Amino acid sequence: MIENSIPLCQCEIGDNVVIESMSIKGVMRRRLLDLGFVKGAQIIVLQKSPLGDPAAYRVNNTTIALRKEESSKIFVKERT
């Protein structure tokens, strides 16, 4: 984890953040990279289910739902 970054799962609805790093390995990492989850990509938190899992995020004009298991391994910082 990079200093001043937080896991994506801790972001609130409406937050606009930028990916700093990911600690996901294997097939899931490849899938996320293919979907645009790369360092420097902008993410907007769209909504969360009532229990907070899964949550919907917008990346590259695409809406993607991720479980907390995955979003807790994506580290982001506030967009400046």
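Keep in mind it's a predicted model, so treat the numbers as computed, not measured. Numbers here simply count residues along the sequence, with the first being 1.
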Notebook entry, point to check: Under the side-chain contact (heavy atoms from CB on, under 4.5 Å) criterion, do Thr62 and Leu35 qualify, and how do the steps go?
Noted result: CA-CA 8 Å; Thr62 303; Leu35 292 170; 5.6 Å; no
Checklist line | Exercise: identify the closest heavy-atom pair between Phe75 and Ser5 | finding: CB-OG, 3.9 Å
Note to self: Please give me the minimum heavy-atom distance between Cys9 and Tyr57, naming the atom from each residue.
What the structure shows: CA-OH, 4.2 Å
Next item on the list: First locate atom CG of Asn16, then atom CD of Gln42, and finally report the distance between them rounded to the nearest 0.5 Å.
Entry: 4.0 Å
Name the atoms and distances for all side-chain donor-acceptor pairs under 3.5 Å in residues 63-73, with sequence neighbours left out.
unit_1 : atom_1 : unit_2 : atom_2 : d
Thr63  : OG1    : Arg58  : NH2    : 3.4
Glu70  : OE1    : Arg67  : N      : 2.8
Ser71  : OG     : Arg67  : O      : 3.3
Ser72  : OG     : Lys68  : O      : 3.0
Ser72  : OG     : Glu69  : O      : 3.2

Checklist line | Non-hydrogen atoms of Glu12 and Asp15 that approach each other most closely | finding: N-OD2, 2.8 Å
Notebook entry, point to check: Quick one: hydrophobic cluster around Ile44, which other residues, with the 4.5 Å side-chain cut-off, linked directly or via members?
Noted result: Leu46
Next item on the list: To the nearest 0.5 angstrom, please state how far the OG atom of Ser23 sits from the CZ atom of Arg29.
Entry: 8.5 Å
Check: For Cys11 and Ile6, which heavy atoms make the closest approach, and how far apart are they?
Finding: SG-CD1, 4.0 Å
Checklist line | Side-chain touch Met22/Leu33, heavy atoms, less than 4.5 angstrom | finding: yes
Notebook entry, point to check: If every non-hydrogen atom of Ile19 is compared with every non-hydrogen atom of Val76, which pair is closest and at what distance?
Noted result: CA-CG1, 4.0 Å
